[in-house]
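Residue numbering restarts at 1 for every chain, and letters A, B, ... go by the order of the sequence lines.
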Protein chains: 2
Amino acid sequence: MGERRKAKVTLPDVAKLAGVSVASVSNYLNDYPHMRPTTKQRIQNAIDELGYVVNEQARNLRSGRTGLITLSIPDLNQIYFAELAEEVIKAARTRGYGVIVESTGNDKQRELDSIASMARNMTDGLILSPVKMSNDDVASMEGDFPLVMLGERVFKAPAPHVMMPNEAASRAVTEHLLDAGCRTVAVVGGTLDGSNSSSRSLRTQGYVEAMRHRGLTVDPALVREVGEWTSKNGALAVERMYREGIRPDAIFALNDLLALGVISQLREMRVRVPESVRVVGFDDINEAQYTIPSLTSVNPDRARIAELAVDLILGQVMTGRRASADKYPVPFTLVYRDSSPIMSS
Amino acid sequence: MGERRKAKVTLPDVAKLAGVSVASVSNYLNDYPHMRPTTKQRIQNAIDELGYVVNEQARNLRSGRTGLITLSIPDLNQIYFAELAEEVIKAARTRGYGVIVESTGNDKQRELDSIASMARNMTDGLILSPVKMSNDDVASMEGDFPLVMLGERVFKAPAPHVMMPNEAASRAVTEHLLDAGCRTVAVVGGTLDGSNSSSRSLRTQGYVEAMRHRGLTVDPALVREVGEWTSKNGALAVERMYREGIRPDAIFALNDLLALGVISQLREMRVRVPESVRVVGFDDINEAQYTIPSLTSVNPDRARIAELAVDLILGQVMTGRRASADKYPVPFTLVYRDSSPIMSS
DNA sequence: CTGAAAGCGCTAACAG
DNA sequence: CTGTTAGCGCTTTCAG
């Protein structure tokens with residue numbers, strides 16, 4: 001029952017009390033296989049008696065590892081990234097790892113900083129989801145540490161790259177809508193400027209491909225550019241589109257927040273979803289289940305993305321070698337809900 | 001020009017190349033004031049030459065600090081916590097600190113775990129936002145490390161407690177609505193069971209107080225209990241309320257997600273907001289600006305909460321002493337938007 | 001203003 | 001199966 005507090009008790013203290021050497025205590029703590037049960041017992045008693053806990057920092061200095069990885073994302077206020085972070089934390093925890101979350105605030109310098117700070121050994125690896133870094137920045141990334149890239153905006157990073165197949169997913173959405181009999185599919189948040197690899201370009205591209213594949217022409221008036229992907233801009237885009245006299249039979253919103261606005265605006269205008277207009281979103285955020293009607297959306301399988309990214313880091317940590325710069329597209333699923341059910345209308 | 005890589009270069013290496021002692025290099029790295037400029041220059045040259053970076057782990061072992069704090073919250077999928085985490089990360093960064101984010105998934109054991117793991121010295125302090133821990137669990141928290149509690153559900157923790165004044169905020173909302181001439185104020189998400197200190201009890205309590213204060217009686221039929229605070233449940237609550245023939249002139253949703261559903265349902269039913277019914281939410285999530293109409297909401301000033309929590313941790317880290325178990329209520333603001341503008345209707 | 005030396009608390013050889 | 005010893009890379013007295 002004797003409990004001690006405060007004064008930090010070290011491994012040698014335990015050894016002394018247990019009447020064994022520090023090596024034995026260390027062995028015991030690290031599950032060294034061959035050990036006399038009585039010794040183990042004595043050590044455990046001493047540990048309990050003293051309230052000993054290992055000092056991870058000392059352990060880390062020896063082992064060269066920290067049991068921590070860094071996740072660097074643009075902004076936790078963006079639901080997609082918050083949900084992704086949640087999954088990364090979960091995946092890391094089941095593997096005995098902790099996650100330092102860094103939010104770069106869409107700032108290029110901070111993206112570069114999170115790379116620079118890696119060299120200081122505070123964490124075992126970096127999962128980086130850049131939005132502002134240029135290709136040159138990426139290519140010139142120095143430093144020899146476990147790195148995994150996330151997202152679309154990167155080409156020649158010297159590291160594995162986990163991504164969701166944006167184009168294929170968009171194609172699948174578009175095909176689903178076409179299969180349902182829709183012919184006038186508007187794209188809210190899209191852009192026909194294909195000069196970069198942003199989500200909006202890639203997703204629009206998938207739509208275009210699917211249309212062409214079916215022998216349909218793409219009406220530029222149906223591709224509605226918006227600024228930020230917020231629900232308000234989704235609503236405004238729809239309002240404007242109708243004001244221009246355009247009457248789509250389906251609306252593909254390039255993310256769920258846009259889709260929330262689209263649905264809300266359609267309800268306002270008494271346009272029935274999905275009977276008159278089908279609506280599909282992208283990201284499958286939590287809230288997609290709770291809209292009225294519930295929202296059909298592309299689920300990027302964040303859990304898989306997270307696990308893969310974490311495993312690619314840990315693989316590098318274990319082997320001490322950098323993984324090759326392969327692409328890892330993660331399968332998505334299209335989750336059919338009331339805003340665009342699977343049977344043709 | 002000459003760049004080296006890979007082989008880790010240590011402080012003694014730098015000292016050797018610069019022709020000075022390790023102490024001087026260390027002093028230089030730590031901005032020791034009195035130092036001959038030429039020496040500084042020589043050291044800096046050597047550092048550049050070798051591409052030296054400090055090993056934080058070794059530094060930490062010496063100093064007993066890690067430059068890291070842990071933030072333990074229930075779930076990043078809940079927007080409120082994601083936005084809070086963003087602010088904590090920001091506050092920590094400006095103070096030179098990193099944040100390990102732990103998500104307890106509303107699991108009591110994991111809340112306790114995050115306390116236990118603190119003892120291992122991996123981080124300098126813990127900001128804990130518990131939802132499941134009982135008062136007893138909290139009271140029995142052992143361990144002598146910097147701790148700050150967040151949220152409402154805790155009474156006798158041996159640590160400072162940063163919270164938002166839920167009751168006062170609710171009172172302010174209710175008074176605002178009454179001032180605007182409303183008399184039938186419904187509370188979506190509320191409960192008249194005052195037996196605990198959950199957000200829903202406290203917020204309802206504030207409403208009740210404000211009503212009583214004005215000499216109004218509280219109609220239990222206006223306090224609409226719902227399960228999870230999702231927009232769908234907000235919408236359903238409104239639908240049900242109207243089906244029962246209740247016609248409020250204001251709806252106070254106890255969080256913004258509920259409010260989104262409330263607004264959406266009212267639009268659906270062609271009830272004009274705010275002309276016929278005012279709507280106010282709670283939390284002021286990002287999305288509140290983008291609803292149509294935009295949502296009046298209680299802004300808990302997450303930035304202040306985050307900064308205060310971080311500073312309370314760092315204060316303890318610096319002094320090496322535990323802060324006393326004071327309460328720190330953080331002022332909220334009521335953000336007036338279109339769903340309930342400030343001038344009386 | 002700079003150098004030498006003693007650890008922070010732990011693990012990993014290597015003996016015994 | 002257990003003990004002794006030498007560091008991991010850095011900071012920090014304490015002399016000079």
Task: Ion pair check, A/R302 and A/E83, cut-off under 4.0 Å - done: yes

Task: Terminal contacting nucleotides, 5' and 3', DNA chain D versus chain B (heavy atom, 4.0 Å) - done: D/dG9 to D/dT12

TODO: Rounded to the nearest angstrom, tell me the gap between atom NZ in B/K40 and atom C1' in C/dT2.
DONE: 15 Å

Open item on the list: Quick check: closest heavy atoms across A/Q316 and A/L147, and the distance to 0.1 Å?
Closed with: NE2-O, 3.1 Å

Open item on the list: So, taking the atom named CD1 in B/I115 and the one named CZ in B/F145, what distance separates them when rounded to the nearest 0.5 Å?
Closed with: 6.0 Å

Task: Contacts of type side chain to side chain contact (heavy atoms under 4.5 Å, CB included), residue A/S198, not counting sequence neighbours - done: A/R153, A/N196, A/R200, A/S201

Task: Heavy-atom protein contacts under 4.0 Å, nucleotides 6-11 of chain C, coded B base, S sugar-phosphate only, - none - done: BBBBBB

Open item on the list: Checking A/D31 now: which residues fulfil side-chain hydrogen bond (donor to acceptor under 3.5 Å, both in side chains) with it, not counting sequence neighbours?
Closed with: none

Task: Terminal axes of the helix from C/dC1-D/dG16 to C/dG16-D/dC1 (five pairs each): angle between them, nearest 10 degrees - done: 40°

TODO: Using a strict cut-off of less than 4.0 Å between a Lys/Arg side-chain nitrogen and an Asp/Glu carboxylate oxygen, indicate whether B/E87 and B/K90 qualify as a salt bridge.
DONE: yes

TODO: Measure the CG-CD1 distance between A/L68 and A/I100 for me, rounded to the nearest 0.5 Å.
DONE: 4.5 Å

Pairs: protein N or O with nucleotides 14-16 of chain C N or O, under 3.5 Å:
none

Open item on the list: Measuring only between side-chain heavy atoms, which start at C-beta, is B/L71 closer than 4.5 Å to B/E102?
Closed with: no

